[in-house]
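Okay, structure first, notes after.
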Amino acid sequence: MSEFHSSPFKKVANFFRRNNTDGGNDDEAPPPVPEGGAGATASTEADTSEDKKRKRDDDSDDGDNDRLAPAERSSPMQSKLAQVRSKLKTRESQGISTHLNPLPVNTAEQDLRAGLPELPTSPGNISMYMGNISANINPDQIYILQPTPEMAKIDKYRTTGAQYEAWMANTNPAGPACPVTQSTLTVAGLVEANPPDEPLFSVWESSFVVPPVEIRESLKSTYLPNNPRLKKYRQSSLQRNARNEQVHHVSSYDHCIVKGAIIATSIFRMEWGPRWSDVALALYKQDAAIDTLRYVFMVEVENDETLPLVGKVLYPNNGLPGPETRGLTPTIHAWDMNTPEFQQILGTQLGKAVACLVLGAWPIGTHRITRIHTWFLRRDLHMRFDIEPIVPAGAPPASAA
């Protein structure tokens, strides 16, 4: 993983090199459809005369286009799309896999997945690849260009955060009504087609991985798996299927899920599609009961509201080491509920998103965010939101599990 985030130009270059430095625990971007998938080597070695003729025909498309009248010529992009469609059809006709990760998993990893449903990757298609280009050149990922928020904006964050605190605890039933409803979205609703409509999302990647390195120090104060050699975290990469007129506005969500936690490694919601909190809850409820959820992690925070508030206001004001900190062991700071700093963070975009996740997972007055942890590692901001059930007054304390 790169220490610095790349510019939009570098992200375009990285896409064609199949590298990604802007999110998650892996240095590689969601893999493209391999040339021939698992059978690529065999296909290359057994290149028949008919295959060579087909390649010559594909290569001659541009020449045929040049011989057409100007009004009948296709654009370079149309020619490229036609060639990609032709290659996909050729692979399918030859029985060659077009799935993104056709390699089998080993027995040890299968044991770790016992009882968990599958989340298969989606077959490649044109809109999927075009959307991935859009996600990789997203200029919002440029690091730390945000200005320091003004006091009026900080006060607004605190007011908003206090309101979300009240909604979660249901401390003011006569106040403004909570706008968040219970989430009913499922993984099937995300990735399965409902003819004649295509699936809302394509699954770029689905695999089991070790704990993300960015959160391992924070994991020490939880009961979550922290063995750097055991692949117990389900990693998934979902991308909104782009419509022709919105190919430049594509939502994408990368997560790691383990019983007890949601780890958001890269989330970008553009102008349309379900809310991030609904997507995250659907992924979590596929693998575990919702009442087991206790933590939400945000890895490599780049949000225009949350990052400058924490890095340029809260850390300097409290004498904490910020993004300039070097070293492999981060200093983790906890912000407790009902404090001004906690409410300010909760009132930013990412804080509100996690509050909406809590309000969408359980009825109001039953669960709340009690603490927000923040730390800088490799100049990037990372966060952990702690979720706890609300014990009614006079009720006996919950017994230890």
Side-chain angles (χ1 to χ4, degrees), residues 146 148-172 175-176 178-180 214-215 217-222 224 260-264 267 276-277 280 293-323 325 330-362 364-377 380-391:
Q146 301 92 336
T148 302
E150 297 179 355
M151 198 62 213
K153 180 175 287 188
I154 297 173
D155 290 341
K156 183 178 179 181
Y157 291 156
R158 183 180 178 184
T159 300
T160 302
Q163 180 62 75
Y164 274 94
E165 267 194 311
W167 280 329
M168 285 187 286
N170 198 24
T171 55
N172 185 20
C178 177
V180 184
E214 297 89 349
I215 69 172
E217 187 66 24
S218 180
L219 289 176
K220 293 179 180 179
S221 60
T222 73
L224 300 172
I262 294 171
I263 301 100
I267 54 175
W276 164 76
S277 57
L293 179 61
R294 289 294 178 268
Y295 307 101
V296 175
F297 291 84
M298 295 284 185
V299 175
E300 293 189 0
V301 172
E302 297 164 334
N303 182 265
D304 287 343
E305 294 181 359
T306 310
L307 175 59
L309 172 73
V310 175
K312 292 189 173 182
V313 177
L314 299 186
Y315 267 57
N317 289 353
N318 289 274
L320 298 172
T325 304
T331 300
I332 301 176
H333 188 79
W335 313 91
D336 292 325
M337 65 179 185
N338 300 321
T339 62
E341 295 87 353
F342 176 94
Q343 293 170 342
Q344 289 164 6
I345 297 173
L346 198 64
T348 64
Q349 191 171 10
L350 289 189
K352 290 185 295 182
V354 180
C356 286
L357 183 147
V358 173
L359 291 166
W362 298 281
I364 59 173
T366 62
H367 291 74
R368 64 186 172 190
I369 300 168
T370 57
R371 195 169 292 104
I372 301 173
H373 304 258
T374 57
W375 63 96
F376 283 90
L377 181 63
D380 290 322
L381 171 64
H382 312 282
M383 308 176 73
R384 187 185 97 197
F385 295 77
D386 292 356
I387 302 170
E388 296 181 10
I390 298 174
V391 180

Just by modelled atom types, is the I215 backbone N or O under 3.5 Å from a matching donor or acceptor in the W375 side chain? no
Is any side-chain heavy atom of W167 less than 4.5 Å from a side-chain heavy atom of V180? no
Gap separating the CG atom of L224 from the OG atom of S218, nearest 0.5 angstrom: 8.5 Å
How many angstroms lie between atom CD of E341 and atom CG of L314, to the nearest 0.5 angstrom? 6.0 Å
Stepwise side-chain hydrogen bond (donor to acceptor under 3.5 Å, both in side chains) test for R384 and T222: CA-CA 11 Å; R384 187 185 97 197; T222 73; 5.5 Å; no
Can you give me the closest heavy-atom contact between L346 and A355, atom names plus distance? CD1-CB, 4.2 Å
Within the side chain of E165, is there an N or O that forms a donor-acceptor pair under 3.5 Å with the backbone of M337? no
If you apply the rule side chain to side chain contact (heavy atoms under 4.5 Å, CB included), what do you find for I263 with Y295, and how did you get there? CA-CA 8 Å; I263 301 100; Y295 307 101; over 6 Å; no
If I compare all heavy atoms of P321 with all of F376, which pair ends up nearest, and what's the gap? O-CD1, 4.3 Å
Looking at F342 and N338, what are the two nearest heavy atoms and their distance? CD2-N, 4.0 Å
In this structure, CD of Q344 is separated from CG of D155 (nearest 0.5 Å) by 7.5 Å
Could you tell me whether a side-chain N or O of N303 sits under 3.5 Å from a main-chain N or O of E305, the two making a donor and an acceptor? yes
Rounded to the nearest 0.5 Å, what separates atom CD in Q343 from atom CD in Q163? 11.0 Å
Contacts of D336 meeting side chain to side chain donor-acceptor pair (under 3.5 Å) (sequence neighbours excluded), chain-then-number -> R371
Can you give me the closest heavy-atom contact between T331 and Y315, atom names plus distance? O-OH, 4.4 Å
What's the shortest heavy-atom distance between V310 and P316, and which atoms? O-CD, 4.4 Å
Test N170 against I390 for side chain to side chain contact (heavy atoms under 4.5 Å, CB included), laying out the working first. CA-CA 10 Å; N170 198 24; I390 298 174; over 6 Å; no
H367 side, atom NE2; R294 side, atom CZ - distance, nearest 0.5 Å: 5.0 Å
For H333, give me all partners under ring pair (Phe, Tyr, Trp, His ring centres under 6.0 Å), at least two apart in sequence or on another chain. W335
Should D386 and H373 be marked as a side chain to side chain contact (heavy atoms under 4.5 Å, CB included) after you check the CA-CA gap, both sets of side-chain angles, and the distance that decides it? CA-CA 8 Å; D386 292 356; H373 304 258; 2.8 Å; yes
Would you say the side chain of L293 lies within less than 4.5 Å of the side chain of L357, judging by non-hydrogen atoms? yes
The reported gap from CD1 in I345 to CD1 in I372 (rounded to nearest 0.5 angstrom) is 5.0 Å
Got a donor-acceptor contact below 3.5 angstrom from the W362 side chain to the M168 backbone? no
Which heavy atom of T306 sits nearest to which heavy atom of L381, and what is that distance? O-CD2, 4.4 Å
